[in-house]
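Keep in mind the model is a prediction, meaning the values are calculated, not measured. Naming convention: chains lettered A, B, ... in sequence-line order (proteins, then strands); numbering from 1 in each chain.
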Amino acid sequence: MDLSTAPAEDPRPDPTDLHLRVLAWYADHARDLPWRRSDATPWGVLVSEIMLQQTPVARVAPVWEEWLRTWPRPADLAAEPAGEAVRAWGRLGYPRRALRLHAAAQAIVEQHGGEVPSTYDELLALPGIGDYTAAAVASFAYGQRHVVLDTNVRRVLTRVLRGAELPSPAVTRAERDLATEHLPDDDRTAAAWAVGVMELGALVCTASRPSCGRCPLADTCAWRAAGHPSYDGPVRRAQTWAGTDRQCRGRLLDVLRATDGPVPAQALVGAWDDADQRERCVASLLDDGLLVRLEGDRVGLP
DNA sequence: CAGGCGTGGGG
DNA sequence: TCCCCAAGCCT
């Protein structure tokens with residue numbers, strides 16, 4: 001290559017080049033996920049995004065299929081008691097998401113005529129929908145241009161553009177600015193870029209053991225060029241599990257999911273030995289609305 | 001804003 | 001076995 005006529009070297013890769021590489025890679029390697037099919041509705045996309053918050057694709061897929069079969073439109077879910085959503089949620093984890101999705105369906109019916117709203121601000125106002133999910137639905141379901149910053153996108157951009165292994169625990173202003181600078185200008189390309197970078201992070205540029213040999217951005221990746229330096233930022237405290245309220249709440253709710261209707265409060269005793277903790281968790285589940293107390297000293301799903 | 005909130009699979 | 005998660009949100 002003749003460098004004598006090349007322009008001054010820009011250490012940063014050309015955004016358009018990144019876009020083309022990611023779009024081409026996605027066209028060849030994207031997974032055929034049900035919520036990406038051409039017949040998927042905005043409601044289907046929204047449901048998938050809520051379910052995928054902290055839960056792997058493999059476990060979401062079958063529940064999503066059944067959910068959409070049962071409640072193909074927001075109004076179908078909104079007409080049900082919230083407990084039916086909690087029951088159908090099964091073992092996806094974080095069941096408060098089921099409650100919020102049900103509440104979102106009701107808000108969609110009451111405030112948006114039963115149609116999933118298309119603007120970021122309207123989506124953000126729905127229960128259970130934060131910055132990421134609002135941007136994702138607006139982008140994936142409605143083809144709009146938004147900065148979609150999930151853990152996958154953050155990791156890819158951090159590696160390729162900043163040369164670090166992992167992003168900081170919380171999104172910084174500089175990180176968001178960087179993502180914005182690299183967003184394609186037009187809606188269509190920006191939406192394709194968002195889903196493409198996410199997929200690249202999920203399949204190739206993974207948190208552990210990334211497959212740089214299969215990465216379309218390998219030869220422009222700052223992290224790879226730097227020799228894959230290890231993460232040196234603040235360490236997020238490892239989450240304990242055994243004996244926590246989270247485990248206790250899960251056990252308690254599992255009793256209700258396993259039966260059709262309400263159960264005597266006494267039926268929860270076998271689910272957790274520590275009586276104090278059990279009562280505290282029952283109280284918190286009641287407070288969250290995941291559990292309701294009924295007459296005759298019984299408890300049930302809402 | 002740090003901490004709470006489920007679950008089951010893989011290294 | 002034990003540890004680390006996996007497309008965050010809310011307070």
A:R96 side chain near C:dC10 phosphate (N/O to OP1/OP2, under 4.0 Å): no
Test item: A:T189 side-chain N/O and A:P184 main-chain N/O as donor-acceptor pair under 3.5 Å: no
Interatomic distance where CG belongs to A:L52 and C1' belongs to C:dA7 [whole Å]: 5 Å
Side-chain-base donor-acceptor pair under 3.5 Å for A:R246 and B:dG4: no
Separation of atom OH in A:Y231 from atom P in C:dC4, rounded to whole Å: 14 Å
OP1 or OP2 of B:dG4 under 4.0 Å from side-chain N/O of A:T244: no
Touch class at under 4.0 angstrom, heavy-atom based, for A:D131 against every strand present: sugar-phosphate
A:L99 with A:L52, same ILVMFWY side-chain cluster at under 4.5 Å: no
Sugar-phosphate, base or nothing in reach of A:R249, heavy atoms under 4.0 Å: sugar-phosphate
Whichever of A:V57 and A:P127 has its nearest DNA chain C nucleotide further upstream toward 5': A:V57
Length of the line joining A:W89:CH2 and B:dC5:C1', which is rounded to integer Å: 13 Å
Spacing of A:D254 atom CG relative to B:dT7 atom C1', expressed in whole Å: 10 Å
Electrostatic pair A:R37:A:D39 at N-O distance under 4.0 angstrom: yes
Donor on one side chain, acceptor on other, A:E49 and A:Y132, under 3.5 Å: yes
Whole-Å P distance, C:dA7 and B:dG3: 23 Å
With A:W43 via ring-ring contact (aromatic ring centres under 6.0 Å, His included) - residues at least two apart: none
5' precedence on DNA chain B between A:R257 and A:R209 (nearest-nucleotide basis): A:R257
Integer-rounded Å distance: C:dG8 P and A:Y94 OH: 10 Å
Residues A:R36, A:E199: salt bridge by 4.0 Å N-O rule: yes
Length of the line joining A:E199:CD and C:dA6:C1', which is rounded to integer Å: 14 Å
Salt bridge present between A:R173 and A:D177 (N-O < 4.0 angstrom): yes
Pair A:T220-A:R21, side-chain hydrogen bond (donor to acceptor under 3.5 Å, both in side chains): steps then yes or no: CA-CA 11 Å; A:T220 56; A:R21 291 177 188 228; 4.6 Å; no
Between P of C:dC9 and CG of A:L126, the distance in whole Å: 12 Å
Sugar-phosphate only, base, or nothing, as touched by A:A58 at under 4.0 Å among non-hydrogen atoms: nothing
Residues in contact with DNA chain B, drawn from residues 24-47 of chain A - heavy-atom cutoff 4.0 Å: none
First encountered from the 5' end of DNA chain C, between A:I129 and A:S208: A:S208
side-chain N/O A:R155 vs C:dC5 OP1/OP2, d < 4.0 Å: no
Quiz item: A:T55 side-chain donor-acceptor pair to B:dG6 base, under 3.5 Å: yes
A:Q53 side-chain N/O to C:dA7 phosphate OP1/OP2 under 4.0 Å: no
A:Q54 CD - C:dC9 C1' separation (whole Å): 9 Å
